[in-house]
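The next block holds one structure in the form of structure tokens; read it before the comments.
Remember, it's 1-based here, ligands and their atoms both numbered in the order they're listed. As the structure is a computational prediction, the values presented were derived from the model and not from experiment. Both backbone and side-chain heavy atoms feed into the values below; hydrogens, waters and symmetry mates do not.
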Amino acid sequence: MRDDYGLSIWGNNNFMVDNSNIAINYKNNPTLLEITKNIRTKGYKGPILMRFPHLIKKQLKLLFSEFKRASSEFNYKGAFKAVFPLKVNQYPNFINEIVKLSTNYDYGLEAGSKAELIIAIAKTPIGAPITVNGFKDKEMISLSFIAAKAGHDITVTIEGLNELETILEVNREFNTNNSSSISPKIGMRIRMHSSGIGAWAKSGGYSSKFGLTSTELLEAYDLLDKEGLIDRFYMIHFHIGSQMEEIGPLKKALREAGNIYADLKKRGANSLSAINIGGGLAVEYSQVQKNKTRNYSIKEFANDVIYLMQEISKNKGVDEPDIYTESGRFIAANHAVLIAPVLELFSQEYHEKSLRLKSKNPPLIEELYDLYRAINKQNAREYLHDAIDHLDSLLTLFDLGYIDLEDRSNTEILVNLIIKKSINLLSKEDSDELKRLQDKIQEKYLVNFSMFQSMPDFWGLGQEFPIMPISNLDKKPTQAASIWDITCDSDGEIPYNTNSPLKLHDIDVQKEEYFLAFFLTGAYQEVLGMKHNLFTHPTEVVIKFDNNGDYYFDSIIEAQNLIDVLDDLDYDIDEIKRNLNTIIEKSNLIDNSQKSYIIEKLHLYLSENSYLKTIQATKV
Ligand SMILES: *Cc1c(COP(=O)(O)O)cnc(C)c1O
């Protein structure tokens with residue numbers, strides 16, 4: 001039976017299984033395998049992060065078209081605008097694409113730090129919105145004033161009263177003795193009574209890091225009024241947390257924010273005309289139907305936002321607000337796929353050919369061998385129990401010094417083979433015992449990537465990402481798989497999980513290349529990724545399609561080389577190079593005629609990246 005690895009659950013029709021390979025469900029449907037091989041023939045080895053701008057475009061279109069549909073169905077008067085929150089992915093190959101793709105929409109960037117603000121000011125087209133959130137100092141607020149004076153439509157959302165004081169101070173500096181007094185729009189982030197759910201719920205709720213209480217909102221209002229800046233007060237903002245699994249908490253938050261909006265408007269905030277509902281639109285990462293997390297569609301989401309804002313505005317007799325969203329995960333997650341080569345299968349030593357049987361073996365080993373030969377459907381369970389019993393006895397004999405290392409090796413191989421065989425023979429039964437055994441004999445796949453770099457949320461939050469091989473999909477995967485990355489950290493593992501079991505193929509990687517794809521890695525993972533063990537951001541490639549529907553590489557950025565990595569840590573690179581040269585030149589273990597050759601080789605290695613290059617399958 002074909003295993004589609006839950007593609008219909010998490011895949012959004014972006015990919016399809018084409019005979020034995022996974023292909024892109026777009027234009028000429030290239031397979032991920034052919035794209036991977038194409039990149040590797042150009043000399044790029046190790047893991048590859050593929051970006052597909054057509055998938056960014058798809059998400060943008062979906063977001064805007066659903067809000068447009070809902071607005072026209074409800075005859076909603078407010079506008080719909082959106083910004084991309086930079087913290088979700090700041091990489092230039094992503095941001096440059098999203099800026100290019102958004103020209104037909106009211107789409108801008110959201111910044112939460114000074115560096116992000118610089119990206120937003122430089123990259124957002126004039127006229128598209130910029131929003132500024134997070135904690136700000138005087139410099140950051142000054143940057144927002146500069147952006148406004150440059151003609152940007154920029155809204156600074158204040159998180160606390162002291163930020164408002166700073167805005168007033170900067171306003172005095174920038175706008176006194178000045179014919180044209182220009183300042184950013186002001187937003188206020190509200191501290192919600194309601195909060196989100198799930199791993200990111202901390203962003204909302206009373207104990208949240210962010211936002212103004214109702215008392216502070218009123219004080220801020222009075223302060224703006226007193227300073228004559230109330231006409232700059234433009235937006236109410238909230239964000240209830242990322243990966244919002246259920247729609248309920250959002251509805252509560254919308255009611256809360258809608259009523260705050262209406263009350264402040266009635267109080268005299270005439271310019272207040274927008275509600276920014278933050279991000280939180282969830283992505284379905286599950287590969288198993290029963291683990292599905294998201295309980296709503298984008299359609300339901302848009303309907304609820306528009307409907308509730310309209311209801312509250314009608315009841316309170318105020319104009320319907322413009323709606324802003326800051327969805328990041330929903331826009332970015334789909335677009336990136338990490339492809340990583342499998343380097344080794346670790347239990348391959350458990351093969352019959354590795355047995356070192358002697359002419360005379362300990363009786364228990366002879367018996368294990370007989371069990372292995374004679375096991376069949378009828379006796380499988382009994383023989384299995386016998387084998388496990390013998391294993392215990394034989395290991396005890398080894399500890400007591402009665403059998404040797406070869407005997408112990410034979411024991412381990414035979415018991416492993418018997419367990420594997422009996423699991424196959426008993427595959428119709430579904431007992432806990434078998435599941436436990438299956439767990440014990442999972443195959444460890446060593447994969448050329450760093451989990452800390454490419455999937456930090458798995459390490460930090462237990463967030464699972466869809467994983468599947470990109471070839472062999474016409475064959476039944478038989479091995480319960482756990483995945484090891486190449487860092488020297490035992491946390492760099494994706495263990496076999498009976499709740500979302502991953503089965504992979506029994507491949508001889510010396511004979512056949514086998515690649516795993518990790519999907520939905522386009523949101524948060526890249527910049528959160530850490531250089532643990534000094535493994536860096538992998539080689540990335542932007543894949544586009546021409547008018548004939550053929551794919552091409554728009555940009556390839558190779559993973560940082562060893563010297564650049566050390567440079568980033570502020571090592572004195574010249575000193576390192578000098579030291580390396582000196583120890584070779586001074587070594588009397590190297591023949592003088594060989595020294596320049598060795599130095600040359602060493603410098604060649606310094607210009608390459610950390611990921612492993614070895615083990616290229618030699619096709620037979
Ligand atoms: C993180 C964040 C977002 C993005 O959230 P997603 O769940 O990625 O959509 C939006 N707004 C603010 C204020 C944020 O902090």
>> So does I182 get a backbone contact from the side chain of N175, meaning a donor-acceptor N/O pair under 3.5 Å?
In response: yes

> By side chain to side chain donor-acceptor pair (under 3.5 Å), which residues pair with R267, not counting sequence neighbours?
Replying inline: none

> Mind checking what makes side chain to side chain donor-acceptor pair (under 3.5 Å) contact with Y611, not counting sequence neighbours?
Replying inline: none

> What residues form a ring pair (Phe, Tyr, Trp, His ring centres under 6.0 Å) with H237, not counting sequence neighbours?
Replying inline: none

> Contact residues of ligand 1 with a heavy-atom cut-off of under 4.0 Å?
Replying inline: P85, K87, V88, N133, R189, H237, H239, S242, Q243, G279, G280, E326, S327, G328, R329, Y524

> Does E245 reach the main-chain N or O of N295 with its side chain, forming a donor-acceptor pair under 3.5 Å?
Replying inline: no

>> Side chains of I483 and F449, heavy atoms from C-beta outward: is any pair under 4.5 Å?
In response: yes

